[in-house]
2 protein chains.
Amino acid sequence: MANRVNTKHEAWAKVIKAIAHPSRLFIIEELDKGEQCVNDLTAMIGSDASTVSKHLSVLKNAGLVMVEKRGNSIFYSLRVPCIMQFIGCVEDVLSSNAKEHMEILKCCKK
Amino acid sequence: MANRVNTKHEAWAKVIKAIAHPSRLFIIEELDKGEQCVNDLTAMIGSDASTVSKHLSVLKNAGLVMVEKRGNSIFYSLRVPCIMQFIGCVEDVLSSNAKEHMEILKCCKK
DNA sequence: TATCTATTTGGCAAAATAGCCAAATAGCCA
DNA sequence: TGGCTATTTGGCTATTTTGCCAAATAGATA
């Protein structure tokens with residue numbers, strides 16, 4: 001009956017939740033190539049600037065990105081390099097899913 | 001103005017969202033040690049059996065776990081081994097956050 | 001100083017998520 | 001068969017998350 005779900009799992013979930021959004025994943029992918037300012041990210045994403053700003057603040061609160069003011073803009077960059085590797089693992093899951101669907105199709109054709 | 005957030009990012013987000021919950025992270029951690037049945041997981045987590053069952057179905061829909069009926073129980077196991085490595089990355093983020101907080105504290109003491 | 005650009009914040013409504021209870025299902029065992 | 005045990009499903013409410021708009025803020029520049 002004990003509840004073994006604890007602070008550790010909550011801390012993990014907080015960080016992972018911050019990653020778990022299409023636009024934020026795009027941002028992470030983009031920042032992995034190098035820093036970007038809000039304005040350019042907004043243009044690439046195509047939603048309202050305030051929306052992109054909020055996505056960035058979610059990433060910042062989770063400790064995933066760093067901020068640097070320079071000139072007229074604010075530049076964001078990845079704080080921890082391993083995130084894209086993690087996404088590699090997610091790709092493994094997806095290709096594994098795809099493979100399984102193929103198997104099921106093959107099976108039905110017979 | 002183009003929207004470069006695409007299907008790929010949505011697929012990634014779907015998988016990552018499935019991971020992003022304290023109880024589900026606990027389940028993943030537990031399954032990483034070996035398969036478990038719903039009943040035992042329910043006892044460890046301490047919420048309603050229906051809740052745990054729903055968490056498991058979220059993980060299953062994302063392709064993260066496998067299911068096997070045996071005897072009176074249904075056993076779940078991890079389908080892709082790399083997930084716990086990913087959590088290693090999350091730990092990096094958290095310890096990096098902690099380190100930064102320490103720095104800020106040190107700075108204020110002076 | 002006035003204005004313009006870049007970014008963030010507040011507020012709100014719509015959508016998604018979580019977790020409980022009750023009820024349905026499935027298979028085992030007496 | 002009838003009663004158990006294990007698991008899932010449906011339904012409902014509370015909470016959280018999204019994303020837009022309008023407005024505020026911060027700096028740079030004319």
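To find a chain, count down the sequence lines: A is the first, B the second, and so on, and within it residues start at 1.
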Requested in this report: Let me know which of B/Glu30, B/Glu29, B/Glu35 forms a side-chain hydrogen bond (donor to acceptor under 3.5 Å, both in side chains) with B/Lys33.
Outcome: B/Glu30

Report summary line: Winner on side-chain proximity to A/Ala49, out of C/dT7, D/dT7, D/dT18, is C/dT7

Query raised in the report: Should D/dT17 form a Watson-Crick or G-U wobble pair with both distances under 3.5 Å, which nucleotide is its partner?
Result: C/dA14

**Report entry** Distance in angstrom units between A/Lys60 NZ and C/dT9 C1', rounded
**Finding:** 12 Å

**Report entry** Touch class at under 4.0 angstrom, heavy-atom based, for A/Tyr76 against every strand present
**Finding:** sugar-phosphate

Query raised in the report: Mapping A/Lys54 and B/Lys69 to their closest nucleotides on DNA chain C, which lands nearer the 5' end?
Result: A/Lys54

**Report entry** Shortest non-hydrogen contact between B/Leu31 and B/Val65, atoms and distance
**Finding:** CD1-CG1, 3.7 Å

Query raised in the report: Which part of the nucleic acid does A/Ser53 contact within heavy-atom distance under 4.0 Å: base, sugar-phosphate only, or nothing?
Result: base

Report summary line: To the nearest angstrom, the CD-P distance between A/Glu10 and C/dA18 comes to 13 Å

Query raised in the report: According to the Watson-Crick and G-U wobble definitions, with both distances under 3.5 Å, which nucleotide is paired to C/dC29?
Result: D/dG2

**Report entry** Contact nearer the 5' end of DNA chain C, comparing A/Lys17 with A/Cys37
**Finding:** A/Cys37

Requested in this report: In whole angstrom, give the distance that lies between atom CD1 of A/Ile19 and atom P of D/dT18.
Outcome: 13 Å

Query raised in the report: So does A/His55 get a side-chain nitrogen or oxygen closer than 4.0 Å to the phosphate oxygens (OP1/OP2) of D/dT17?
Result: no

Report task. Find which nucleotide of DNA chain D each of A/Val58 and A/Gly71 is nearest to by heavy atoms, and output the residue with the more 5' nucleotide. Result -> A/Val58

Query raised in the report: Atom CZ of B/Arg70 to atom C1' of D/dA6: distance rounded to whole Å?
Result: 14 Å

Query raised in the report: Does A/Ser50 or A/Asn72 map to a spot on DNA chain D nearer the 5' end, using the closest nucleotide for each?
Result: A/Ser50

Report task. Classify the nucleic acid contact of B/Arg24 as base, sugar-phosphate or nothing, counting any heavy atom under 4.0 Å across all strands shown. Result -> sugar-phosphate

Query raised in the report: Is any N or O donor-acceptor pair between the side chain of B/Ser47 and the base of C/dC20 shorter than 3.5 Å?
Result: no

Report summary line: A/Leu56 CG to D/dT17 P, in whole Å, measures 17 Å

Report task. Rounded off to whole Å, could you give me the CD1-to-C1' distance for the B/Ile74 and D/dT5 pair? Result -> 12 Å

Query raised in the report: Quick one: is B/Thr51 getting a side-chain N or O under 4.0 Å of the C/dG19 phosphate, OP1 or OP2?
Result: no

Query - Pair B/Asn97-A/Arg79, side chain to side chain contact (heavy atoms under 4.5 Å, CB included): steps then yes or no - result: CA-CA 10 Å; B/Asn97 291 354; A/Arg79 186 143 156 280; 2.8 Å; yes

**Report entry** Identified side chain to side chain contact (heavy atoms under 4.5 Å, CB included) partner of B/His55 from the options B/Leu41, B/Val38, B/Ile27, B/Thr42
**Finding:** B/Ile27

Requested in this report: Check the distance between C/dT9's P and A/Asn61's CG and give it to me in whole angstrom.
Outcome: 9 Å

Report summary line: Between A/His9 and A/Arg4, the two heavy atoms sitting closest are CE1-O, 3.6 Å

**Report entry** Beyond-backbone contact of A/Trp12 with B/Ile19, side-chain heavy atoms, under 4.5 angstrom
**Finding:** no

**Report entry** Interatomic distance where CD1 belongs to B/Ile27 and P belongs to D/dT7 [whole Å]
**Finding:** 12 Å

